[in-house]
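Letters A, B, ... mirror the listed sequences (proteins, then strands); counts begin at 1.
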Amino acid sequence: MTRPLINRIPWTLIVFLVLLPVPFLGSRFYTFVATDIVILSLFATSLNLLLGTTGLVTFGHAAYFSIGAYTTALLMKNLGFPFLPSWIAGGLMAAGFALVFGFFCVRLTKIYFAMLTLAFAQIVWAICFKWNDVTGGEQGLPNVPYPGLDWMEVLPLIGDLRVSDKFYYVALALVALCYAALRRITLSPFGRVLTVIRDNPERAQFIGVNVRLYELAAFMVSGAFAGLSGALFGIFNRGVFPDFAFWTKSAEPLIMTILGGMAHFWGPAVGAAALILLNQQITSYTEYWPFVLGGVLIVLLFVFPGGIVGTLTKLGRRIGGRDA
Amino acid sequence: MLEVEGVSKRFGGFVAVDAVSLTVAKKQIAAVIGPNGAGKSTFFNLITGHLRPDAGRVVLEGRDITAAPPHRICRMGMGRSFQRTNIFPQLTVFENVQAAYIAHRGRGTNFWASSAALYRDETTALLQQVGLADKANEAASALSHGNQKQVELGIALACDPEILLLDEPTAGMSAAETRDSIKLLQHLAEKFGLTLLFTEHDMEVVFSIAEKIMVLHQGRVIAEGTPDEVQRNAEVRRIYLGERK
Ligand SMILES: Nc1ncnc2c1ncn2[C@@H]1O[C@H](COP(=O)(O)OP(=O)(O)OP(=O)(O)O)[C@@H](O)[C@H]1O
Ligand SMILES: [Mg+2]
């Protein structure tokens with residue numbers, strides 16, 4: 001079986017290379033938007049390991065995003081830990097909570113599963129909001145420090161950039177690594193078992209799959225990457241706040257994924273870019289952004305149910321014949 | 001090989017399977033027959049762990065599997081197919097069978113290797129066996145009903161079963177398709193040394209290949225024995241064979 005050409009292109013590498021020159025485009029704003037997209041696209045792609053790959057709808061992904069964000073911020077700000085171990089700890093902490101919450105969630109199915117993920121996320125939000133001594137309560141944790149980036153000064157070109165530009169490169173490189181890992185996981189035997197569960201969880205049992213166990217594993221991996229994304233976002237945002245865990249934050253990656261197309265690995269990333277760019281454009285014209293977003297989603301759901309990437313691949317196939 | 005001891009299942013007040021016992025010896029081909037609603041599918045679901053019996057025991061090669069979950073029973077060497085086609089519709093035919101190899105052989109815990117080439121030779125060979133070699137790369141959902149039944153059989157066989165439970169393997173097939181797939185089944189059973197337990201409405205098929213037949217009616221066993229014995233049984237003739245001819 002030869003793999004279709006489109007699957008052999010190293011997309012992660014290409015996207016990484018294309019995004020490299022952003023800080024040299026001359027506007028601080030471009031770097032800002034690009035960092036936003038890069039970090040949140042990881043959040044959406046982590047969610048899609050559950051939604052598109054395993055067929056699990058979660059309404060509470062912000063829990064793991066915020067747990068990663070708080071963990072890393074606390075370690076760096078209050079305990080003076082260096083960035084890299086703090087970042088990894090953020091991912092591990094998110095994975096740990098995903099394991100505990102997921103243990104209960106996978107015992108339920110469909111809408112009950114979704115509601116329980118939401119319930120756990122609201123608990124996390126309440127704790128962030130109320131536990132003043134640790135999380136800073138309503139005020140959150142402002143002034144999360146940037147990672148020490150002095151080592152970058154020896155790099156050509158990049159050495160003279162602003163701190164925010166340098167952080168863009170840190171985020172870009174780390175997110176690219178996460179993408180490479182997520183891609184591998186999706187295409188692995190483990191990933192294949194997840195698609196089998198998505199397609200027919202009942203039948204999956206009768207080929208020897210312990211469905212709950214695999215769903216829990218997917219939940220944990222997905223939570224870990226959400227945590228890694230949140231950890232970067234806290235630093236980018238220069239602060240971590242309770243609304244990172246609020247249910248609207250859980251809706252964000254869902255909307256991105258549906259917008260971009262959940263049937264494709266790159267769908268959520270494209271959706272993240274589309275949503276953030278659209279948001280930037282439209283808020284500069286009108287204050288009715290949520291209204292416009294609602295309209296866009298309705299059109300998309302009815303006219304292009306496969307999302308942006310789904311529609312493009314279908315178009316590409318029609319133009320290029322069956323083998324494209 | 002398989003010993004079922006007095007299993008019962010009730011749905012609400014309705015007794016779908018009532019204290020049914022059955023023993024299937026190694027490499028035997030056994031059939032369960034009975035009119036619609038007799039409890040055949042429910043009986044299979046009780047054996048494979050899909051439903052839990054209210055009473056009775058199921059023993060597979062000396063091990064009690066009465067309360068075991070389906071995935072564990074499958075790993076112990078029991079494969080099954082379903083009356084209503086039950087496959088992985090969005091995957092290709094190749095992926096359907098390959099997934100069964102991956103899952104059954106416990107390779108799903110590997111999340112770093114590539115799955116693309118895993119068990120390719122086994123999968124290709126098996127697709128050849130069940131007559132789907134030319135359809136390997138088609139989406140399972142796009143196949144005809146008969147082909148989907150073959151996929152279902154492929155999935156079941158990829159689980160390296162010792163015993164295979166087939167719930168109406170030829171449901172919805174034409175007479176010619178039925179004949180072909182029964183021939184295929186017989187061939188595969190012999191080749192892999194399988195024990196077969198199946199249900200079937202086509203009496204010609206049943207009496208041509210089954211070595212042992214159990215007749216269910218309203219959840220109860222009314223006859224059991226060799227095809228000859230069952231055919232001679234007066235009650236069977238009255239309730240069942242008479243009803244259909
Ligand atoms: N989950 C369920 N809940 C309630 N009743 C059920 C359930 N499953 C089966 N039944 C009932 O149990 C009886 C036996 O059903 P079963 O499917 O086992 O029969 P069958 O012998 O396989 O019939 P067929 O030849 O039509 O496939 C039927 O009356 C059916 O309505
Ligand atoms: Mg039935």
Colleague: Step by step, would you call A:Glu202 with B:Asn86 a side-chain contact (heavy atoms from CB on, under 4.5 Å)?
Modeller: CA-CA 9 Å; A:Glu202 183 198 59; B:Asn86 207 345; 2.6 Å; yes
Colleague: Side chain, backbone, both or neither: which part of A:Ala181 has a heavy atom under 4.5 Å from chain B?
Modeller: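 Answer is both: backbone and side chain atoms of A:Ala181 are under 4.5 Å from chain B.
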Colleague: Identify which of B:Ala156, B:Ser114, B:Pro89 forms the greatest number of heavy-atom pairs closer than 4.5 Å to chain A.
Modeller: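 It is B:Pro89.
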Colleague: If you count every heavy atom of other residues, nucleotides or ligands that lies below 6.0 Å from A:Met93 atom CE, does the total exceed 12?
Modeller: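 Open.
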Colleague: What heavy-atom pair brings A:Asp199 and B:Gln90 nearest, and what distance separates the two atoms?
Modeller: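 Minimum heavy-atom contact is OD2-N, 2.6 Å.
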Colleague: Closest heavy-atom contact between A:Phe206 and B:Cys74?
Modeller: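 What the structure gives for the nearest pair is O-SG, 3.4 Å.
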Colleague: If you define the side chain from C-beta out and look only at heavy atoms, does anything of B:Phe111 sit under 4.5 Å from A:Ser188?
Modeller: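 SC-SC contact between B:Phe111 and A:Ser188 confirmed.
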Colleague: Tell me if the CZ atom of A:Phe120 is crowded by more than 12 foreign heavy atoms within 6.0 Å.
Modeller: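 Atom CZ in A:Phe120 is crowded, with more than 12 foreign heavy atoms closer than 6.0 Å.
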Colleague: Among B:Ala100, B:Ala113, B:Gly49, who wins on heavy-atom pairs under 4.5 Å with chain A?
Modeller: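 When all of B:Ala100, B:Ala113, B:Gly49 are compared, B:Ala113 has the most.
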Colleague: Examine whether an atom of B:Gln98 lies under 4.5 Å from a heavy atom of chain A, and if so say whether it belongs to the side chain, the backbone or both; otherwise answer neither.
Modeller: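 Only the side chain of B:Gln98 comes within 4.5 Å of chain A.
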Colleague: Which answer fits B:Leu118, side chain, backbone, both or neither, if we ask what part of it has an atom under 4.5 Å from a heavy atom of chain A?
Modeller: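 Side chain only.
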Colleague: With distance as the sole test, does A:Arg203 use its side chain to make a donor-acceptor pair with the main-chain N or O of B:Ile87 at under 3.5 Å?
Modeller: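 Absent.
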Colleague: Would you compute the distance between atom CG of B:Asn110 and atom CD1 of A:Ile185 and round it to the nearest 0.5 angstrom?
Modeller: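 Reported value, rounded in 0.5 Å steps: 11.0 Å.
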Colleague: Please report the interatomic distance CG(A:Asn200) to OG1(B:Thr85), rounded to the nearest 0.5 Å.
Modeller: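 Output value for this atom pair is 11.0 Å.
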Colleague: Please give me the minimum heavy-atom distance between B:Ser115 and A:Pro189, naming the atom from each residue.
Modeller: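 Minimum heavy-atom contact is CB-N, 3.5 Å.
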Colleague: Heavy-atom distances under 4.5 Å only: say whether B:Phe82 touches chain A with side chain, backbone, both or neither.
Modeller: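 Answer is side chain: those atoms of B:Phe82 sit under 4.5 Å from chain A.
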Colleague: Picking from B:Thr109, B:Ile102, B:Ile73, B:Thr124, which has the most non-hydrogen pairs under 4.5 angstrom with chain A?
Modeller: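 Ranked by contacts with chain A, first place is B:Ile102.
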Colleague: For B:Phe11, does the CZ atom sit with more than 12 other heavy atoms under 6.0 Å from it, leaving out its own atoms?
Modeller: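 Buried by this count: over 12 neighbours within 6.0 Å.
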Colleague: Can you confirm whether more than 12 heavy atoms, excluding those of A:Met262, are under 6.0 Å from its CE atom?
Modeller: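 Incorrect, the count does not exceed 12.
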Colleague: Do you know which of A:Thr186, A:Asn210, A:Leu194 has the most heavy-atom pairs under 4.5 Å to chain B?
Modeller: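 Greatest number of close heavy-atom pairs with chain B: A:Asn210.
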Colleague: Kindly compute the distance separating CD1 (A:Ile207) from NE2 (B:His104), expressed to the nearest 0.5 Å.
Modeller: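 The CD1 atom of A:Ile207 sits 10.0 Å away from the NE2 atom of B:His104.
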Colleague: If you count heavy atoms of other groups shown closer than 6.0 angstrom to CZ of B:Arg107, is the number above 12?
Modeller: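 Not buried by this count: 12 neighbours or fewer within 6.0 Å.
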Colleague: In terms of heavy-atom contacts, does CZ of A:Arg107 have more than 12 from other residues, nucleotides or ligands at under 6.0 Å?
Modeller: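 Atom CZ in A:Arg107 is crowded, with more than 12 foreign heavy atoms closer than 6.0 Å.
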Colleague: How about A:Gln205 and B:His50: does a side-chain donor come under 3.5 Å of a side-chain acceptor?
Modeller: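 Result is no, nothing qualifies.
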Colleague: Out of curiosity, A:Arg192 CZ to B:Phe88 CZ, how far, rounded to the nearest 0.5 Å?
Modeller: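 One gets 11.0 Å once the value is rounded to the nearest 0.5 Å.
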